Structure formats: structure tokens, C-alpha cells
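One structure is given below, encoded as C-alpha cells.
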Amino acid sequence: VWQIVIAGMMSVAYWAVAVLIMWRRPNDRMALFAGFFFAAMGGVPLASVSNIPIIQPNPDTYFLRAGLGCLAWSSLLAFFFFFPNGRFVPRGLWPVVAGWIGLSLLWNFFADTALSPLKWPGWLLASTMSICWGAAVVAQVYRYRFASTPLERQQLKWMIYWTGVNVLGIIIPLFVI
């Protein structure tokens with residue numbers, strides 16, 4: 001039961017941020033992308049809790065869950081390359097995002113097949129994830145040092161804080177259980 005409560009709280013928080021961002025800046029493309037990203041990520045905690053009868057794996061909700069997961073996880077990495085001003089920086093890393101989107105498609109729509117990254121050898125999955133997330137970190141450091149205004153640097157600091165809180169929110173329950 002506590003998993004459902006925590007997942008629900010996380011989802012409501014994501015959706016509230018999405019609504020707030022889109023309400024405050026309805027004409028800003030980056031704000032709309034950020035709102036879409038937060039709205040999609042808001043569905044992930046509830047979709048991952050298997051105690052909710054309507055979300056338990058069933059054929060009727062498969063494409064909904066897979067599509068939501070694919071949109072959420074694909075937009076997550078892309079968000080790191082576009083935030084805060086909507087420009088893709090650094091430009092040379094677009095193949096990483098394209099590869100991540102492909103990986104997200106395999107992960108969500110082909111989870112039960114041999115194509116699923118979960119069925120890959122551990123070293124291959126770990127190296128693929130390290131390359132993708134390492135590139136996201138490199139992109140943010142590059143953006144902070146070479147392509148950001150003082151206001152954008154402040155926004156990047158808030159994003160790093162938000163990322164840290166989310167990572168802790170994922171890791172801490174693993175050790176509490």
C-alpha cells in the first residue's frame with residue numbers, strides 16, 4: 001500500500017510541475033517540451049506499481065503503458081540536451097539521443113523478446129547506459145561552461161538539484177525494503 005501512496009505522490013508532483021510550467025509559459029517551446037516531459041514522467045511511477053489492478057499487465061493496457069514509458073524515458077535524456085533554452089548542445093551528440101530513443105523503443109515495446117535490453121549481456125547494457133548518461137553529463141557541463149548565460153546557469157543548478165532528489169528518491173527505497 002505504501003508503494004501506491006509514494007507512486008501517487010510522485011505522479012501528482014510531476015503533473016503539478018507540468019501544469020505549472022505550461023500555464024506560466026504557454027508560448028515557449030522549451031516550456032511546452034518540459035511540461036510534456038514532466039507529464040509523461042508523471043505516469044511512470046503509477047505504471048510501475050503492480051499492486052494497482054487496472055495497471056497490472058494486461059493486453060488491453062500494454063500499448064498505453066509501453067507508449068507512455070517510451071515517451072517518458074525518451075524525453076528524459078533529450079531533456080538534458082535541450083534544457084534550459086531549447087537548443088541542442090553540443091550538436092555532435094545527437095546520435096546518442098537517437099540511440100537512446102531506439103533503446104527506449106526496444107525496452108518498452110519489446111520487453112518480452114530477445115531484443116529487450118534486459119536480455120542483453122550485463123556488460124553491454126552497462127556500457128550502453130554509461131555512454132548515454134555520460135553524454136548527458138558531458139552535455140550539461142559543456143553547456144554550463146561554454147553556452148549558458150548567468151540565468152541559464154542558475155536554471156542548470158536547479159535541474160541538477162532536481163535530478164539529485166529524483167535519483168535519491170529511486171535509490172533510497174531500494175535499501176529501505
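Since the structure is predicted, the reported quantities are computational estimates derived from the model, not experimental observations.
Ring orientation note: the planes of W158 and Y161 are nearly perpendicular, at an angle over 60° on the 30°/60° scale. Using cut-offs of 30° and 60° on the angle between ring planes, the pair W133 and F80 is perpendicular.
Residues L118 and L76 share a single hydrophobic cluster, defined by chaining ILVMFWY side chains whose heavy atoms lie under 4.5 Å apart. Criterion: ILVMFWY side-chain heavy atoms under 4.5 Å apart, direct or through other members. Under it, V137 and I131 are not part of a common hydrophobic cluster.
Separating the OG atom in S74 from the CZ atom in F79 is a distance of 15.0 Å, to the nearest 0.5 Å. Between the CE atom of M129 and the CH2 atom of W120 there is a distance of 9.5 Å, given to the nearest 0.5 Å. The CG atom of L71 lies 9.0 Å from the CG atom of N108; values are rounded to the nearest 0.5 Å. Rounding to the nearest 0.5 Å places CG of L103 at 11.5 Å from CG of L115. With values rounded to the nearest 0.5 angstrom, R87 atom CZ is found 11.5 Å from F82 atom CZ. Residue M159 holds its CE atom at 8.5 Å from CZ of R143, rounded to the nearest 0.5 Å.
For G69 against S104, the heavy-atom pair with the smallest separation is O-OG, 4.2 Å.
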Does the side-chain contact (heavy atoms from CB on, under 4.5 Å) test come out yes or no for L151 and Q155, once each step is laid out?
CA-CA 6 Å; L151 176 63; Q155 291 170 339; 4.1 Å; yes
Applying side-chain contact (heavy atoms from CB on, under 4.5 Å), run through L106 and S116 and close with a yes or a no.
CA-CA 5 Å; L106 291 175; S116 172; over 6 Å; no
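For F110, the CZ atom is loosely surrounded, since the number of other residues' heavy atoms within 6.0 Å does not exceed 12.
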Below 3.5 Å, can you tabulate the donor-acceptor pairs from side chains in residues 88-101 to any protein atom, sequence neighbours excluded?
{"from": "W100", "atom 1": "NE1", "to": "W73", "atom 2": "O", "distance (Å)": "2.6"}

Report, one line per pair, each donor and acceptor closer than 3.5 Å where one atom sits in a side chain of residues 16-44; sequence neighbours left out.
{"from": "D28", "atom 1": "OD1", "to": "M30", "atom 2": "N", "distance (Å)": "3.2"}

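At least one side-chain heavy atom of L156 sits less than 4.5 Å from a side-chain heavy atom of S148. Residues E152 and F83 are not in side-chain contact: their nearest non-hydrogen atoms beyond the backbone lie 4.5 Å or more apart.
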